[in-house]
Amino acid sequence: MDYNFREIEQKWQTYWAENHTYQAKEDPSRPKFYVLDMFPYPSGAGLHVGHPLGYIASDIYSRYKRLKGFNVLHPMGYDSFGLPAEQYAIQTGQHPEVTTNQNIARYRQQLDRIGFSYDWNREVRTCDPGYYKWTQWAFIKMFESYYDTAKAKACPVADLVAAFEANGTEGITAACEQTLNFTAEQWKAYSEQEKSKILMNYRIAYQGETSVNWCPKLGTVLANDEVKDGLSVRGGYPVEQKKMTQWQLRVSAYAERLLTGLDTVDWTDSLKEMQRNWIGRSYGTEVNFKCVNGDFEKDVTIFTTRVDTIFGVTFMVLAPESDLVAELTSPEQKAEVEEYLAYVKKKTERERIAETKTVTGVFSGSYGINPLTGEKVPVWISEYVLAGYGTGAIMAVPAHDSRDYAFAKKFNLPIIPIIEGCDVSEQSFDAKEGKMCNSGFLNGMEVKEAIEAAKDYAEANGLGRRKTNYRLRDAIFSRQRYWGEPFPIYYKDGIPTPLPMEALPLTLPEISEFKPTETGEPPLARAKDWTYNGYPLETSTMPGFAGSSAYYLRYMDPHNDSALVDKDVDGYWKNVDLYIGGTEHATGHLIYSRFWNKFLYDLGYVCEEEPFQKLINQGMIQGRSNFVYRIVGTNKFVSCGLKDQYETQEIHVDINIVRNDRLDTEAFKAWRPEFNNAEFVLENGEYICGWAVEKMSKSMFNVVNPDVICDTYGADTLRLYEMFLGPIEQSKPWDTKGIDGVNRFLKKLWRLFYDRENYLVTDEKATPEELKTLHKLIGKEQADIEAFSYNTTISAFMIAVNELTELKCSKKEILEPVVVLLSPFAPHVAEELWHVLGNETSVTDAKFPEYVEAYTVENSCTYAVSFNGKTRFTVDLSKSMGKDEVEAHVRGMEQTAKYVDGKTIVKVIVVPGKIVNIVVK
RNA sequence: GCCCGAGUGGUGAAAUGGUAGACACGAAGGACUCAAAAUCCUUUGCCCCUUAAAGGCGUGCCGGUUCGAGUCCGGCCUCGGGCACCA
């Protein structure tokens with residue numbers, strides 16, 4: 001009987017579905033384990049072999065944990081709101097919901113073929129109203145909360161209002177855009193509109209004017225992580241800066257907690273580092289400089305991390321967008337400044353990035369007074385200072401900052417070195433070491449002490465205060481699109497007001513067309529009667545990350561209509577134990593999710609502060625493209641090895657008609673009409689194609705559909721092969737070279753059960769040698785799976801099966817545990833063989849075999865031989881020499897190769913204080 | 001520019017500081033077969049050598065620590081990833 005994967009895989013997939021084998025239920029008697037994949041956006045192109053890489057890895061771990069007795073939650077769903085479906089809708093008029101559902105159906109089909117142990121009862125879709133009800137709910141909660149910096153948590157806005165009514169802004173410790181000051185009386189006197197505006201300054205979900213990434217081609221605003229090099233990530237269209245009123249989330253309030261929380265999770269250092277850089281904490285000082293413009297005086301606060309260099313300040317710089325610019329521009333400079341502002345404004349983000357080397361700026365006409373020296377320095381305006389960071393104004397120390405240096409050189413401003421012995425004639429000296437000079441009371445100090453001394457001095461003399469700044473900005477939360485969650489907000493006399501809970505979900509209205517209106521309003525403005533109780537509803541929708549920020553919570557309790565997740569259920573599943581996904585979400589989804597979770601934690605809706613305990617980043621699977629070489633001007637194709645003898649043109653060829661870089665020439669002729677009379681110059685009778693590693697994409701004909709692999713080799717082979725390819729964190733090109741190896745392994749295993757026509761398994765007792773093979777495998781699998789080293793586990797399987805084949809071992813005592821061990825990797829064949837061995841229930845319910853170390857080390861003994869006072873030797877006597885012989889070698893300090901019994905070569909390695917290995921070759 | 005990570009056969013890759021190249025692919029030779037597929041066996045880092053034995057060289061480069069370094073330390077080179085006027 002042969003290994004018939006088609007029949008087996010079909011049979012057990014049906015069995016698992018019919019028996020709800022993978023359904024998870026809360027069960028306090030068992031320890032829980034939550035394994036999560038980053039859910040996919042169901043694109044029209046379907047899955048390629050890169051997608052399942054992480055899913056297979058997490059599935060193996062889920063199945064392993066189940067065998068280990070854990071109650072495993074392993075769900076899957078779809079991140080189904082998004083731009084591509086909407087772009088497609090604009091082009092074709094097809095409703096995004098229709099295409100999204102089609103794509104989901106296709107994804108599901110493809111996923112099902114691979115044999116994942118998902119609990120599909122818990123599937124979520126972000127575009128499902130039953131799901132986005134809770135996205136809208138969370139938004140309202142954020143709208144109704146502010147961040148109290150003293151308590152370091154989110155609190156109800158109602159408390160803030162009560163405090164305003166009692167004492168005005170006095171004693172308020174709330175994260176905000178601008179520090180406001182008013183009394184209780186003033187507060188009570190404000191109109192409703194004014195109050196609403198003031199509260200927006202504090203709410204965690206708030207409306208405010210910001211400079212946003214506007215993509216005219218897409219007609220929407222994009223988040224910073226949706227823009228790369230001034231182009232939109234989706235589509236690659238130009239992006240420009242535009243001031244707009246937008247909904248935003250006060251993520252910045254959580255900067256410190258997002259940073260410290262990283263210490264409590266088990267993520268890779270590189271990923272933590274990326275998040276740390278993105279959050280960008282820096283400890284510095286705010287210093288007030290009095291600035292004078294004729295008779296006008298103004299205190300300007302600057303932020304610096306190097307107050308110690310304050311004696312080297314030779315000018316100040318304001319960001320062009322800063323409000324101070326207008327106040328500090330002198331009448332003489334007005335024309336020049338306005339010209340400069342106009343120039344800055346018309347530059348796109350792209351151009352700014354491209355021209356970061358060119359130095360531009362203009363003198364404002366004002367002067368600032370150095371609070372330490374009393375010296376007057378000119379105030380300049382330049383785009384190299386950003387309005388959004390610090391205070392939008394800096395003190396410039398050209399001797400010790402490369403950007404200030406470049407500016408000073410360009411505009412001929414003085415450069416005063418303040419660190420002994422540094423040379424600033426060619427470039428600035430940015431290092432944080434050396435002795436201070438030209439710096440008054442700081443002279444002679446090391447830079448590190450000087451920084452602290454200067455901070456102390458500034459604080460003691462009321463010139464400034466220590467300040468921690470973060471690079472992390474608030475998240476812009478509005479999108480001028482159709483295919484997203486509607487905001488649960490209506491405008492009552494212009495005041496943004498949340499819908500009551502009973503009105504949720506606020507579902508997307510039907511509209512005639514999906515593009516923005518002629519007047520530039522978002523598509524929802526086309527909806528008929530888009531109102532609530534006669535008041536207009538918000539017309540923008542939420543961004544992609546809204547729905548993906550709390551989906552892991554919804555999986556715990558996906559059908560609950562009265563809460564995002566029931567408290568007890570959340571208390572059982574807690575947080576995600578293992579999360580697998582790509583690094584591309586490092587500064588997007590993984591920041592937003594952590595923020596969202598912390599917010600819900602503050603309000604007491606979830607019990608864990610960090611959502612993802614352990615996180616593994618699977619590498620990307622790149623495409624491996626194949627080429628043929630056409631001799632220029634002919635329809636003749638030359639094999640790769642001979643191409644240098646001709647003038648050739650490289651052409652991408654569909655990898656589906658290439659095997660192991662050998663072209664199927666007949667299929668090639670049939671591939672495209674222009675090739676049907678193609679001729680070939682072969683080497684050794686074959687046409688060898690060239691290859692290159694590129695992105696997996698349709699246009700390069702290098703997309704590999706997992707279905708094709710399932711058809712030719714089966715899902716189990718696909719699963720094994722993807723894991724065998726190398727460590728999962730590593731990016732690597734897809735290459736089917738080698739897939740035969742894992743397929744052969746499965747066939748070999750099969751032949752331990754069946755030869756051509758007979759069932760071979762017996763109930764005979766296993767020999768010590770057979771037990772050794774088994775327990776080596778158990779030990780290896782246990783250690784390797786915990787370390788996510790799946791490729792070496794599979795190697796161990798191959799070794800074990802080779803050994804058992806050699807031993808002609810078809811004993812149930814050995815094969816049954818082997819099948820259990822294999823089930824996480826190749827569940828279909830394992831399930832089949834498990835039943836073949838006479839088991840009634842699913843292999844999923846089996847127990848992970850117990851590892852007995854004695855079987856693997858029974859023939860070794862440990863010597864305690866002293867050498868230099870302390871030396872220990874572990875000697876494996878299983879195959880080689882006796883005790884006396886070993887001791888003789890040890891005493892003689894033998895270190896080279898030796899014959900022992902005329903056949904075996906033994907090498908003795910003597911290690912003082914360590915171990916001796918006797919190695920048999 | 002700054003911050004991470006990685007460099008090992010023809011290929012994918014293994015190696016708690018202790019036999020470098022496990023395992024697999026590919027390749028070469030052989031067995032079975034009328035033949036093919038499938039399967040099995042042998043060889044396979046490089047150099048010297050007719051072969052074998054024996055030897056020499058080998059983990060990007062240069063040094064160091066160590067009885068012993070692919071692994072640890074210092075300095076370079078190359079590649080990949082992230083951030084980028086963040087004061």
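Computation of the quantities below employed the complete heavy-atom set of this structure, encompassing side-chain atoms and omitting hydrogens, waters and symmetry-equivalent molecules.
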Results of side-chain contact (heavy atoms from CB on, under 4.5 Å) for [X] - residues two or more places apart only:
| X | answer |
| --- | --- |
| A:Asn758 | A:Asp755, A:Leu760 |
| A:Lys448 | none |
| A:Glu452 | A:Lys455, A:Arg466 |
| A:Thr717 | A:Tyr713, A:Ile739, A:Val742, A:Asn743, A:Leu746 |

Working to the nearest 0.5 Å, report the span between CZ of A:Arg719 and CD1 of A:Ile60.
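A:Arg719 CZ to A:Ile60 CD1: 6.0 Å, rounded to 0.5 Å.
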For RNA chain B, find the residues of residues 272-285 of chain A with a heavy-atom distance under 4.0 Å and give them by number; none if there aren't any.
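RNA chain B contact set from residues 272-285 of chain A: A:Glu273, A:Met274, A:Ser282.
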To the nearest angstrom, how far is [X] atom [atom1] from [N] atom [atom2]?
| X | N | atom1 | atom2 | answer |
| --- | --- | --- | --- | --- |
| A:Asp430 | B:C85 | CG | P | 16 Å |
| A:Lys780 | B:U16 | NZ | C1' | 11 Å |
| A:Ile728 | B:A13 | CD1 | P | 14 Å |
| A:Ile799 | B:G21 | CD1 | C1' | 13 Å |
| A:Arg471 | B:C85 | CZ | P | 8 Å |
| A:Arg306 | B:A87 | CZ | P | 11 Å |
| A:Asn617 | B:G82 | CG | P | 12 Å |
| A:Lys748 | B:A24 | NZ | C1' | 11 Å |

Taking the six-membered ring for Trp, are A:Tyr340 and A:Tyr343 parallel (under 30°), tilted (30 to 60°) or perpendicular (over 60°)?
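The rings of A:Tyr340 and A:Tyr343 sit tilted, inter-plane angle from 30° to 60°.
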Would you call the rings of A:His775 and A:Tyr851 parallel, tilted or perpendicular, where under 30° means parallel and over 60° means perpendicular?
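Plane angle between 30° and 60°, so tilted.
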With heavy atoms under 4.0 Å as the rule, sort [X] into base, sugar-phosphate or nothing.
| X | result |
| --- | --- |
| A:Asn469 | nothing |
| A:Asn802 | sugar-phosphate |
| A:Lys467 | nothing |

A:Lys272 side chain to A:Leu262 backbone, donor-acceptor under 3.5 Å
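At least one qualifying donor-acceptor pair exists.
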Please measure how far the [atom1] atom in [N] lies from the corresponding atom in [M], and state the result in whole Å.
| N | M | atom1 | value |
| --- | --- | --- | --- |
| B:A53 | B:G60 | C1' | 35 Å |
| B:A6 | B:C61 | C1' | 16 Å |
| B:A69 | B:A31 | P | 46 Å |
| B:C57 | B:A20 | C1' | 14 Å |
| B:U71 | B:G56 | C1' | 25 Å |

Just checking, A:Arg473 and A:Trp278: is the charged tip under 6.0 Å from the six-membered ring centre and within 45° of the axis?
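Judged by the rule, A:Arg473 and A:Trp278 form no cation-pi pair.
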Taking only N and O in the side chain of A:Tyr389, is any of them less than 4.0 Å away from OP1 or OP2 of B:A87?
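Yes, because at least one side-chain N or O of A:Tyr389 sits under 4.0 Å from OP1 or OP2 of B:A87.
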Do any side-chain atoms of residues 308-316 of chain A form donor-acceptor pairs under 3.5 angstrom with protein atoms, and if so which ones, sequence neighbours left out?
from, atom 1, to, atom 2, distance (Å)
A:Asp308, OD1, A:Arg306, NE, 3.1
A:Asp308, OD2, A:Arg306, NE, 3.4
A:Asp308, OD2, A:Arg306, NH2, 3.2
A:Thr309, OG1, A:Arg306, O, 2.7
A:Thr314, OG1, A:Pro414, O, 2.9

Checking A:Lys747 now: which residues fulfil salt bridge (Lys or Arg N to Asp or Glu O under 4.0 Å) with it, not counting sequence neighbours?
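Partners of A:Lys747 under the salt bridge (Lys or Arg N to Asp or Glu O under 4.0 Å) test: none.
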Residues forming a salt bridge (Lys or Arg N to Asp or Glu O under 4.0 Å) with A:Asp430, sequence neighbours excluded
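By the salt bridge (Lys or Arg N to Asp or Glu O under 4.0 Å) rule, A:Asp430 matches no residue at all.
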Syn or anti for B:G9, please, going by whether the chi angle lies within 90° of 0.
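Syn for B:G9; the angle stays within 90° of 0.
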With RNA chain B as reference, determine whether A:Phe303 or A:Thr583 sits nearer its 5' end, using the nearest nucleotide of each.
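So the residue in question is A:Thr583.
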For A:Asp269 and for A:Ala393, find the nucleotide of RNA chain B with the closest heavy atom, then tell me which residue's nucleotide is more 5'.
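Counting from the 5' end, the first nearest nucleotide belongs to A:Asp269.
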Could you work out, with ring-ring contact (aromatic ring centres under 6.0 Å, His included) as the rule, every residue matching A:Trp750, not counting sequence neighbours?
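Listed in chain order: A:Tyr3, A:Tyr754.
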At a cut-off of 3.5 Å, list every protein nitrogen or oxygen paired with a nitrogen or oxygen from nucleotides 6-12 of chain B, distance to 0.1 Å.
from, atom 1, to, atom 2, distance (Å)
B:G12, O2', A:Leu725, O, 2.6

Please determine, for the side chain of A:Met798, which listed nucleotide (B:C85, B:A13, B:A24) has the closest atom?
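Closest nucleotide to the A:Met798 side chain: B:A24.
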Among B:A13, B:A87, B:C4, find the nucleotide with the atom closest to the side chain of A:Pro727.
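Within the option list, the nearest is B:A13.
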Can you run through RNA chain B from 5' to 3' and write each base as (, ), [, ], | or . depending on how it pairs? Watson-Crick or G-U wobble, both distances under 3.5 Å.
(((((((..(((.....[....)))((((((.......))))))(((.......)))..(((((..]....))))))))))))....
Between protein and nucleic acid, restricted to nucleotides 36-38 of chain B and to nitrogen or oxygen atoms under 3.5 Å apart, what atom pairs and distances do you find?
none

Is the number of heavy atoms from other residues, nucleotides or ligands within 6.0 Å of CD (A:Glu757) greater than 12?
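Counting neighbours around CD of A:Glu757, more than 12 heavy atoms of other residues, nucleotides or ligands fall under 6.0 Å, so yes.
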Which residue is it: A:Asp404, A:Thr358, A:Thr360? I am looking for the one with a side-chain hydrogen bond (donor to acceptor under 3.5 Å, both in side chains) to A:Tyr384.
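The single option meeting the side-chain hydrogen bond (donor to acceptor under 3.5 Å, both in side chains) with A:Tyr384 is A:Asp404.
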